[in-house]
Colleague: 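Just passing along the structure, written as structure tokens.
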Protein chains: 2
Amino acid sequence: MALGTDYAFQDCSLARTLEVVGERWTMLIIRDAFYGVHRFNDFLVHLEIPRAVLTTRLQALVAAGVLTKQPYLRSPVRYSYVLTQAGRELWQPIYGLAQWGERNASNGKVRTIFSHFTCSTRLDRAGNCPACGGPVPPEDITIRPGPGADASLRKDPVSRALARPHRLLTPLQLTDGTAG
Amino acid sequence: MALGTDYAFQDCSLARTLEVVGERWTMLIIRDAFYGVHRFNDFLVHLEIPRAVLTTRLQALVAAGVLTKQPYLRSPVRYSYVLTQAGRELWQPIYGLAQWGERNASNGKVRTIFSHFTCSTRLDRAGNCPACGGPVPPEDITIRPGPGADASLRKDPVSRALARPHRLLTPLQLTDGTAG
DNA sequence: CCCCAAAGTTCGTTCACCGAACCGACACCA
DNA sequence: TGGTGTCGGTTCGGTGAACGAACTTTGGGG
């Protein structure tokens with residue numbers, strides 16, 4: 001059992017969850033999956049994670065039922081890693097952790113703005129739409145950089161694609177520099 | 001920088017949060033703090049965590065402003081670790097992660113039941129009270145073991161104290177076996 | 001004086017993470 | 001046919017965090 005995954009004696013559902021998503025990098029992989037990243041190399045470039053670790057994490061998440069691995073190219077065979085329904089249900093706590101970071105560990109900078117796709121209203125800290133008055137599922141959320149985002153930090157294609165406003169859970173469209 | 005805390009290149013609030021609470025054991029320490037654990041030795045016994053790791057984690061959480069260290073005994077001097085306001089705001093995502101674990105990684109067993117103190121209604125998966133129709137702050141939540149809890153797993157005094165119904169954020173009262 | 005408890009510190013071993021190199025399948029190009 | 005490039009890995013040596021046990025410090029009680 002990996003170092004970060006053994007809380008077996010803890011009769012607690014939080015410990016069960018952390019055995020699945022509590023290791024280093026795992027939540028950032030899931031966050032990227034929500035943002036639309038789905039290819040091995042895109043995770044690799046965007047997270048700057050060691051390849052072997054990414055392989056291990058993706059396998060573990062597939063085994064846990066958080067992600068599924070689907071071929072998106074026959075020849076050469078290439079795989080997509082996409083969130084399952086169980087994986088999508090992690091949106092609320094992940095959003096909550098990110099919002100806590102915005103309030104408590106970001107010097108007041110708003111790095112990312114989440115809006116309700118159908119009405120463009122910004123979500124509140126619980127992930128609800130103040131206009132529509134209810135929780136918003138991730139597929140109905142638009143993400144765009146906020147005023148505190150630092151575009152100069154990352155210039156790789158994945159980061160540039162993620163910096164364009166887009167809906168969660170829609171597969172990322174990579175455009176190289178030549179396309180304008 | 002510790003192994004689990006360096007995501008500096010990630011211009012992302014989730015990464016900022018994980019630098020604070022993303023290391024092994026840290027979220028379980030915060031969970032225990034919500035449940036009323038506040039002494040070094042009680043964390044140690046309940047989590048079965050190496051002493052050096054607990055020392056490191058508590059210091060980091062105090063430095064991050066999640067916990068504060070307060071003397072509760074003058075002689076010999078003994079310290080309480082209690083959640084700050086920023087720490088209490090972690091309740092929603094931690095509750096969300098625990099609920100995800102109940103649904104997806106617990107074989108359908110309900111280990112813990114969270115209720116609204118003022119009306120005894122069970123909270124929904126978002127942490128709201130269905131009867132009162134809104135989010136419930138942790139200090140208004142009652143916790144008690146559910147039918148899936150395995151009382152035989154842990155017999156230490158801290159586990160027994162935590163197994164009694166009580167409100168979150170109230171300091172744990174340890175009763176030894178002799179008190180009946 | 002001896003034993004106990006709380007809250008650490010120290011230390012040797014183990015093991016996960018890290019980065020770099022390597023590998024295999026396939027596409028494209030000349 | 002060979003050279004080059006991409007994608008999705010695997011392998012491997014070095015580093016450093018986690019682990020558990022032993023030790024320390026401060027004070028209480030008999």
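Not measured: the values here are computed from a predicted model.
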Colleague: Please give, in whole Å, the distance from dG8(C) C1' to R57(B) CZ?
Modeller: 16 Å

Colleague: Could you tell me whether F43(B) contacts a base, only the sugar-phosphate backbone, or nothing, with contacts defined as non-hydrogen atoms closer than 4.0 Å?
Modeller: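 The answer is nothing, as F43(B) stays clear of every strand by at least 4.0 Å.
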
Colleague: Considering residues at least two apart in sequence or located in another chain, which fulfil the side chain to side chain donor-acceptor pair (under 3.5 Å) criterion with R111(A)?
Modeller: S106(A), D11(B)

Colleague: For N104(A), which residues count as a side chain to side chain contact (heavy atoms under 4.5 Å, CB included) partner, sequence neighbours excluded?
Modeller: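 Residues passing side chain to side chain contact (heavy atoms under 4.5 Å, CB included) with N104(A): W100(A), A86(B), E89(B).
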
Colleague: Give a yes/no answer on whether the side chain of W25(A) brings an N or O atom under 4.0 Å of OP1 or OP2 in dC17(C).
Modeller: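 For dC17(C), neither OP1 nor OP2 has a side-chain N or O of W25(A) closer than 4.0 Å.
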
Colleague: Among dA7(C), dA18(D), dT9(C), which nucleotide sits nearest the side chain of T55(B)?
Modeller: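 Among the listed nucleotides, the one closest to the side chain of T55(B) is dT9(C).
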
Colleague: My understanding is that only residues two or more places apart in sequence, or in another chain, count here; which of them pass side chain to side chain contact (heavy atoms under 4.5 Å, CB included) with A52(A)?
Modeller: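 By the side chain to side chain contact (heavy atoms under 4.5 Å, CB included) rule, A52(A) matches no residue at all.
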
Colleague: Under 4.0 Å: is that the gap between some side-chain N or O of Y81(B) and OP1 or OP2 of dG8(C)?
Modeller: yes

Colleague: Return the polar atom pairs (N/O with N/O) between nucleotides 2-4 of chain C and the protein under 3.5 Å, or none.
Modeller:
none

Colleague: For the pair made of CD1 in I49(A) and C1' in dA16(C), what is the distance, rounded to whole Å?
Modeller: 13 Å

Colleague: Not counting sequence neighbours, which residues clear side chain to side chain donor-acceptor pair (under 3.5 Å) with S120(B)? List them please.
Modeller: none

Colleague: Between P on dA17(D) and CG on L54(B), what's the gap in Å once rounded to a whole number?
Modeller: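 Rounding to the nearest Å, CG of L54(B) and P of dA17(D) are 18 Å apart.
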
Colleague: Side chain to side chain donor-acceptor pair (under 3.5 Å) with S115(A): which residues, sequence neighbours excluded?
Modeller: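 S115(A): no side chain to side chain donor-acceptor pair (under 3.5 Å) contacts found.
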
Colleague: What heavy-atom pair brings C129(B) and V136(B) nearest, and what distance separates the two atoms?
Modeller: CB-CG2, 3.6 Å

Colleague: OP1 or OP2 of dT26(D) versus the side-chain N and O atoms of Y79(B): is any pair under 4.0 Å?
Modeller: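 No, no such contact exists.
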
Colleague: For L28(B) and dA18(D), what is the distance between atoms CG and C1' respectively, to the nearest whole Å?
Modeller: 15 Å

Colleague: Under 4.0 Å between a side-chain nitrogen and a carboxylate oxygen: does that hold for K109(B) and D150(B)?
Modeller: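 No, this pair does not count.
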
Colleague: Summarise protein proximity over nucleotides 21-30 of chain C in one line of letters, 5' to 3': B for base, S for sugar-phosphate only, - for none, counting protein heavy atoms closer than 4.0 Å.
Modeller: B----SS---

Colleague: Starting from L73(B), walk the hydrophobic network (Ile, Leu, Val, Met, Phe, Trp, Tyr; side-chain heavy atoms closer than 4.5 Å) and list everyone else you reach, by chain and number.
Modeller: Y72(B)

Colleague: Taking transitive links into account, so neighbours of neighbours count too, which hydrophobic residues share a cluster with I113(A) at under 4.5 Å side-chain distance?
Modeller: V110(A)

Colleague: Nearest-Å distance, CG (N41(B)) to P (dA5(C))?
Modeller: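 N41(B) atom CG is separated from dA5(C) atom P by 10 Å.
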
Colleague: Between atom NZ in K69(A) and atom P in dG8(D), what is the gap in whole Å?
Modeller: 10 Å

